Amino acid sequence: MVNELNVEDGEYSEPVSPTAQYFNSSVLSVCILAVLDSEIPIDDSPALGLLKHVFLPISPRFSSLMAEDENGVKHWKKVEVKLEDHIAMEQLPHNRPLWNIHIIKYPTSNAAGNIIFKLHHSLGDGYSLMAALLSCLQRADNPSVPLTFPSLTSTPNPNLSVRGTSIYRNIPKVLRSAFNTVSDFGWSLMKSSYVEDDISLIRSGNPGVEFKPVVISTMTFSLDDIKQIKTKLRVTINDVITGIIFLGTRLYMQEGRNKLNNEHSTALVLLNTRAIREYKSVKEMHKPCAEKVWGNQFAFLHVSIPELTSLESLNPLDFVWKAQKLIQRQRNSGAIFLTARLLEWLRKFKGPEATAKYIYSTIKNSSMALSNIIGPVERMALANHPIKSLYFMMIGGPESLTIAMVSYMGKLRVAFKTEKGFIDPEKLKSSIQNAFEMMLKAAQDIA
């Protein structure tokens, strides 16, 4: 067995970041699941060698515990790892590094077998997780050639003009940005402390939602179809995806009702805050002067889900434009910076537990959480097992609905974590599929 937690046995490495402490507290404990669908039956004989020689070297945190020093400061502490103890475990005991792997050998409707990585969120965020997976995976057609990723360039906005560079022309923009910063930060503070979303078909508001059973289900879209909508509307792929999710969610909430009943609902949209966007290799991550790409480096935006004004005169494309406008305003307002400063103030003067309570309330008071990451264009393989598809999901949060998206081989896999017995995942997916078809048809009708 791995050594029990003993501060004197082993050495401390880096201090535990504030965000890592928030996600591993008595108030909040969040994990990330990454599910790989194998095209062939799984042979687990090379699993231990892969974990030892490839997975563990990705980050020192995979071989470390959270431990307090004599001053009560938490650090990552290096320990001996017995790999057999990390395979097919249901819980993440705190006397071992906070990860495990499940190997499912029987076939499902989607795959011949599954490999599930479960990592505690304190180890890193979705970007770090994808970087870890990519370090274990290779191109199926040619392992010596690196994986490539979709371009991150966006379609230019025709409303932008170089004529707006004059200092006088920018004054209204600066004033508007300042007003939005104060307004958005105040609204975020209210949402995290006092104002809850309405109870609705996507938010039960039940206490202890994080301890209730959940259902995880998925659906898949063609990226080519999504790009059709993107090109016609001259927006980003993220704008299109968010618009589809928002419209589909409203259609689900409206199902079976004779009149419109738009409950106040917001989504927490998670954003990667790194200055770099491409994934780094393990070798690059471990360079002494490397940029800090590992860890939890993200922010969240409170985005109101647009309301349905009329089912008869509904223009589905309005939801894309509204999503774009809402997210751009939040990104540009500066409220993210003020929220980060507030969390740091809470941590410094009231401690990590108080800060974790604030984050818990932020999640609990919202209706859903949204996250997405970019996956490779080419087919991948793990220990000579071609990967048909993959998806990820955050578990352990106090929300009734979480939606996570990842691109892979020209497809977009959308995963749903729904509160069991409260949200009907099949009806929700059907509503989102309807929203996608409505948007695609409306975009194709544009001259």
Side-chain angles (χ1 to χ4, degrees), residues 32-59 62 87 99-119 123-152 216 218-224 226-227 237 272 276-285 293-294 371-393 404-415:
I32 300 176
L33 299 181
V35 183
L36 304 178
D37 296 334
S38 176
E39 290 187 356
I40 63 175
I42 294 177
D43 174 14
D44 61 354
S45 56
L48 293 182
L50 182 70
L51 293 176
K52 180 178 181 180
H53 299 296
V54 179
F55 181 75
L56 287 183
I58 291 171
S59 171
F62 293 158
I87 298 179
W99 61 269
N100 62 40
I101 291 179
H102 298 256
I103 299 175
I104 301 174
K105 294 188 173 183
Y106 57 83
T108 66
S109 58
N110 292 322
N114 296 95
I115 301 172
I116 304 174
F117 288 78
K118 182 179 181 181
L119 298 96
L123 298 174
D125 54 17
Y127 176 97
S128 301
L129 168 64
M130 179 56 76
L133 284 180
L134 295 175
S135 298
C136 299
L137 296 158
Q138 297 175 316
R139 277 183 63 154
D141 59 344
N142 189 348
S144 64
V145 177
L147 294 160
T148 59
F149 298 85
S151 171
L152 292 178
I216 297 179
T218 68
M219 63 190 302
T220 303
F221 297 105
S222 165
L223 277 177
D224 286 340
I226 292 176
K227 288 176 181 177
I237 287 180
N272 175 21
I276 56 172
R277 305 301 296 273
E278 72 277 4
Y279 294 108
K280 296 290 185 180
S281 67
V282 173
K283 185 177 180 180
E284 290 174 308
M285 288 181 184
V293 297
W294 190 271
S371 180
N372 70 82
I373 53 178
I374 298 172
V377 174
E378 300 86 10
R379 187 181 306 276
M380 302 181 296
L382 178 67
N384 296 320
H385 290 73
I387 302 302
K388 179 181 179 182
S389 58
L390 74 156
Y391 62 93
F392 75 103
M393 179 51 64
M405 296 155 278
V406 60
S407 62
Y408 178 53
M409 289 174 48
K411 303 289 185 181
L412 181 73
R413 190 84 176 270
V414 183

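Since the structure is predicted, the reported quantities are computational estimates derived from the model, not experimental observations. The first residue in the sequence is number 1, and the count goes up from there.
When side chains are defined from C-beta on, Leu33 counts as touching Ile216, because their heavy atoms get closer than 4.5 Å. Looking at heavy atoms from C-beta onward, Ile115 lies out of side-chain contact with Ser38 at the 4.5 angstrom threshold. Counting heavy atoms from C-beta outward, Tyr408 and Asp37 have side chains that stay 4.5 Å or more apart. Put simply, the side chain of Leu223 reaches to within 4.5 Å of the side chain of Ser407, judged on heavy atoms. Leu390 places a side-chain heavy atom less than 4.5 Å from the side chain of Met380. Side-chain contact between Phe392 and Leu133 is absent, with no heavy-atom pair separated by less than 4.5 Å. The shortest side-chain heavy-atom distance between Pro376 and Leu134 falls under the 4.5 Å cut-off.
Formation of a donor-acceptor pair under 3.5 Å by the Glu378 side chain with backbone atoms of Thr148 is found in this model. Judged purely by atom type and a 3.5 angstrom limit, Ser222 has no side-chain atom pairing as donor or acceptor with the backbone of Lys411. Lys388 contributes a side-chain N or O that, together with a main-chain N or O of Asn110, makes up a donor-acceptor pair within less than 3.5 Å.
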Note to self: Before you tell me yes or no, could you show the steps for Ile87 and Leu51 under side-chain contact (heavy atoms from CB on, under 4.5 Å), namely the whole-Å CA-CA distance, both residues' side-chain angles and the distance that decides it to 0.1 Å?
What the structure shows: CA-CA 10 Å; Ile87 298 179; Leu51 293 176; 4.3 Å; yes
Margin query: Determine whether Cys136 and Ile58 satisfy the following criterion, side-chain contact (heavy atoms from CB on, under 4.5 Å), listing intermediate values before the conclusion.
Written below: CA-CA 9 Å; Cys136 299; Ile58 291 171; 3.7 Å; yes
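Ring pair Phe117/Phe55 is tilted by interplanar angle, where 30° to 60° counts as tilted.
Tested against Leu50 for a side chain to side chain contact (heavy atoms under 4.5 Å, CB included), the candidates Asp44, Leu382, Ile101, Leu56 yield a single pass: Leu382.
Residue Ile374 comes nearest to Pro150 through the heavy atom pair CG2-CD, 3.5 Å, listed as atom of the first residue, atom of the second, then distance. Closest approach of Ala415 and Met393 over heavy atoms only: O-CE, 3.4 Å. The shortest non-hydrogen separation linking Phe149 to Leu147 is CE1-O, 3.9 Å. Smallest separation of non-hydrogen atoms from Ile387 and Arg379: O-CG, 3.8 Å.
Between the side chains of Ser45 and Asp43, a donor-acceptor pair is found at a separation under 3.5 Å.
To the nearest 0.5 Å, atoms CG (Leu36) and CD1 (Ile104) are separated by 11.0 Å. Separating the CG atom in Leu412 from the CG atom in Asn372 is a distance of 8.0 Å, to the nearest 0.5 Å. Atom NZ in Lys105 sits 13.5 Å away from atom CG in Asn114 (nearest 0.5 Å).
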